[in-house]
*Asks:* 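Below you'll find the structure I mean.
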Amino acid sequence: MKHEYISNGNSILIDDSQGLGRPFEGIGAVSGGGATSKLLINYEEKLRGQILDYLFKPNFGASLQILKVEIGGDVQSTDGTEASHMHNIWDENYQRGYEWWLMKEAKKRNPHIKLYGLPWGFPGWVGNGTLSPYTAPELTAEYVTKWVKGAKQVHNLTIDYVGIFNEHKYDITYIKTLRKVLDSRGFRETKVIGTDAYWEIVPDILKDKSLAAAIYAIGTHYPGTISPSDAKTSGKPLWASEDYSTFNDEVGGGCWARILNQNYVNGLLTSTIAWNLIGSYYNHLPWFRSGLMTAVHPWSGHYSVPTPIWVTAHTTQFSSIGWRYFAHGNGVGKLPQGGSVVSMTNEAKDQLSIVIETMTHNHSICVRPALPKYNVSPQNITITLKGSFATLSHMNVWYSKLGFSGTADQMFQKRESLFFKNGQATLYLGLDEVFTLTTITTGNKGSYPRPPGPKPFPLPYSDNFEGLQVSQEPYNLVPQVGCFEIVKSQDASHGLVVRQTVLEPPIESCTWPLVYPIAIIGDFNWTDTALEVDFEIPQVNGTNGVFVAARVDRGSCPSVNAQGIFFYILPQTGKFLGGHSSGSLNSKEIFNIDIPTIPLRGWAAIGTDGFGYADFDNFSISQPK
Ligand code: 147
C-alpha cells in the first residue's frame with residue numbers, strides 16, 4: 001500500500017471532510033527489560049528531578065504519554081535483573097526496585113500518563129517447578145494481577161495495560177485466564193496487550209473470538225513501520241509496543257523521527273514505545289546509550305539530553321491520547337520527494353497538529369529491522385487546508401534539523417508562524433528535518449542549567465548501606481543474576497545489609513540458565529582494585545558460599561561465562577578458591593598467587609555460589625597499595 005500525494009504537484013492536502021483515520025494512542029518509553037533506569041535513582045534529588053522533567057513534564061521536553069515498566073521477575077532482562085514483588089509464593093512486597101518510584105514521579109508530572117507493565121521473566125515458583133509460566137495459568141495470572149493490585153493499593157497507581165511475556169511464546173489459555181483474573185479482582189479497566197513479540201498472534205485472534213475479546217491491542221516489536229494486512233483488518237489497534245533501541249546520536253534521533261510518523265503512515269500503528277526511556281546502566285553492558293536520554297554518572301550528576309527527546313516533543317507536545325489521525329491521502333502519507341506527514345485533530349476538531357519529517361536513509365537507520373533504500377530530496381510543499389480547518393489564518397511552527405558532518409543540531413526551535421491565504425501556504429523542506437505545524441500554543445523547549453561534567457567512578461569507595469530503606473536496591477551495585485536488596489541484619493551491630501534474595505532458578509528471559517547471583521559495580525576499565533566486604537550466610541535458606549570479584553569482564557545474559565578474579569568462600573566445604581594475588585579471611589592471608597592475564601580489566605562484584613541467601617555489609621573498593 002502506497003499513499004503518495006500525486007495531485008497538484010508538491011501539495012499536501014489536509015482534509016477531515018471525508019472522515020478521519022484511527023485514534024492516536026500515545027508515544028511512550030520503556031523502563032526495564034531490564035534495569036535500564038538502575039543508576040537514575042542514585043542521582044541527587046535536584047538533578048534527578050531535572051532529568052524526570054525532560055522525560056515526563058508536559059510542555060517541557062519529551063512529555064511522554066505512556067510509561068511502560070518491567071514487572072520485575074528476578075531475571076536478567078538485558079542490563080540487569082529487576083526484583084519480583086513475590087520472590088517466593090509466601091512473599092509479597094511492593095517496595096522493591098525503582099519502577100514504583102519512577103511511575104509515581106511520572107504521574108506527579110503528568111497525571112494523564114498511561115502505565116503499562118510487562119514481565120520479562122518470572123520467579124521459579126510461578127512455573128510450579130517447570131520453568132514455564134504457562135503450566136499453571138491461574139498462578140501466573142494471580143501473580144501478575146497482584147502486581148496490578150499492589151500498584152493500586154500501595155502506590156495508588158492505576159495500571160492501564162499489562163502484557164504477557166516479553167519476546168517469548170504466548171499461551172492462549174494463559175491470556176484468557178489473565179483477562180478473567182484481572183476482571184474478577186476488579187481490574188476490568190486494565191487492558192491486555194498481546195503479546196510483545198511479533199505478529200504471530202494475529203491468526204489466532206482472527207479465529208478465536210474469546211481470545212480477541214481478551215486482548216485490547218496487538219503490541220508488536222520493531223515492526224519496521226509496517227504491519228501485515230490481516231493485522232490491519234483484525235479490528236484491533238496495532239502498537240509498536242517496543243521500538244527504537246538505537247544509539248542516541250543524530251542517527252538515533254533520525255530513526256525515532258522517521259518511525260514516529262511512518263509507524264502510522266505505513267503500518268497504521270497508533271502507539272510507539274521506545275526501548276528505552278533512559279540509559280542509566282554502565283557502559284559495556286549491552287546497548288549503551290540506546291535510550292531517549294542518557295544518565296550514567298550519579299556520582300557527578302552529569303547527564304545529557306540528546307536529539308530523541310526533542311524529536312519526541314514534536315509529536316507529544318502537540319497531541320493527546322484520543323486525538324484522531326487524519327485519513328490517508330488527506331493529511332497522512334508520504335511526501336512527493338520523500339519523507340512523511342501525519343496530521344491529527346482532537347475530538348472537538350478545533351485543534352490541528354501536522355508533523356512532517358524528511359529523514360534521509362543513512363541518517364535514520366534504526367538498529368532493526370533492515371531499512372530498504374529510499375530517496376529524499378529538498379522540496380517546496382504547498383499545504384492546502386480543507387474541511388474543519390479551511391479558514392485557519394496561521395499555524396505555529398516548531399522546527400528541528402539533525403546536524404551531520406560538523407553542522408550543529410537545531411532542535412525544537414520555535415519559528416515564525418506559517419500564514420495561510422485562501423487555505424494555502426508553502427513551506428520549504430530540507431533534509432533530516434522535522435516540522436510541527438500546530439494550532440496548539442503551549443509548546444515549549446524546557447531547559448535547565450548545564451549539568452556537571454562526567455567524572456570516573458570515585459575511588460576509594462565504600463558503602464555500609466545505612467542510608468537506604470529496607471527492600472531498596474543498593475546504589476551502584478547492579479545485579480546481573482539474582483536480586484540484591486537491603487534488609488535488616490540479624491546481627492544488630494550491622495544495621496542494614498545487602499541480601500541476595502533469590503532462592504531458586506527463575507523463569508529466565510535469557511536463553512540459558514544463569515546460576516551464580518552477582519552484582520557488579522564501578523568501572524569496566526578498572527584493572528587493579530582492592531576489595532573488602534563483610535558477609536554472613538544465614539542458617540535458613542543460606543547459599544553455599546560467597547565471592548568478591550575483580551576484573552569481571554561481562555554482564556547481561558553472558559554473565560554466566562563472566563571471567564575475572566573471583567575469590568570464593570565456601571564455608572560448608574571449608575574451601576576457598578582464588579584466581580589472583582592475595583586474599584584474606586578474618587585478617588588471615590589465605591592465598592597469594594599469580595594471576596591469569598585475561599581478562600585484564602572489568603568491574604568489581606559481589607555474589608553467591610548459587611541461589612540462597614547471603615548478607616553483605618561494609619563493601620569497599622580502593623586502589624591497591
Ligand atoms: C529486545 C528486548 O525486549 C529489550 O529488553 C532489549 O533487550 C532490546 C535491545 O535491543 O531487545 O529484545 C529483542 C530481541 C531480539 C530481537 C529484537 C528485540 N530480534 O532478534 O529482532
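Counting convention: from 1, in listed order, for ligands and their atoms alike. Just so we're clear, the structure is a prediction, and the values are computed from it rather than from any experiment. Residues take their numbers from the sequence shown, with the count starting at 1.
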*Asks:* Please list, chain by chain and in numerical order, all residues satisfying ring-ring contact (aromatic ring centres under 6.0 Å, His included) with Tyr516, sequence neighbours excluded.
*Replies:* none
*Asks:* With sequence neighbours left out, what residues match Glu433 under salt bridge (charged side-chain N to carboxylate O under 4.0 Å, His left out)?
*Replies:*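 Listed in chain order: Lys401.
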*Asks:* Check step by step if side chain to side chain donor-acceptor pair (under 3.5 Å) holds for Asn248 and Thr294.
*Replies:* CA-CA 8 Å; Asn248 62 24; Thr294 310; 2.8 Å; yes
*Asks:* Would you say the side-chain atoms of Glu504 pair up with the backbone N or O of Trp125, donor to acceptor, closer than 3.5 Å?
*Replies:*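 Yes, because the side chain of Glu504 sits within donor-acceptor range (under 3.5 Å) of the backbone of Trp125.
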*Asks:* Go through the structure and list residues passing disulfide (SG to SG under 2.5 Å) with Cys483, not counting sequence neighbours.
*Replies:*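 Cys483: no disulfide (SG to SG under 2.5 Å) contacts found.
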*Asks:* Distance under 6.0 Å and angle within 45° of the ring axis: does Arg109 meet both against Phe56?
*Replies:* no
*Asks:* Ligand 1: which protein N/O atoms lie under 3.5 Å from its N/O atoms?
*Replies:*
residue	atom	partner	partner atom	Å
ligand 1	3 (O)	Asn166	ND2	2.8
ligand 1	3 (O)	Glu242	OE1	2.8
ligand 1	3 (O)	Glu242	OE2	3.3
ligand 1	5 (O)	Gly33	O	2.5
ligand 1	5 (O)	Thr78	OG1	3.3
ligand 1	5 (O)	Trp120	NE1	2.9
ligand 1	7 (O)	Thr78	OG1	2.6
ligand 1	10 (O)	Ser245	OG	2.5
ligand 1	10 (O)	Arg368	NH1	3.2
ligand 1	10 (O)	Arg368	NH2	3.0
ligand 1	12 (O)	Glu167	OE2	3.3

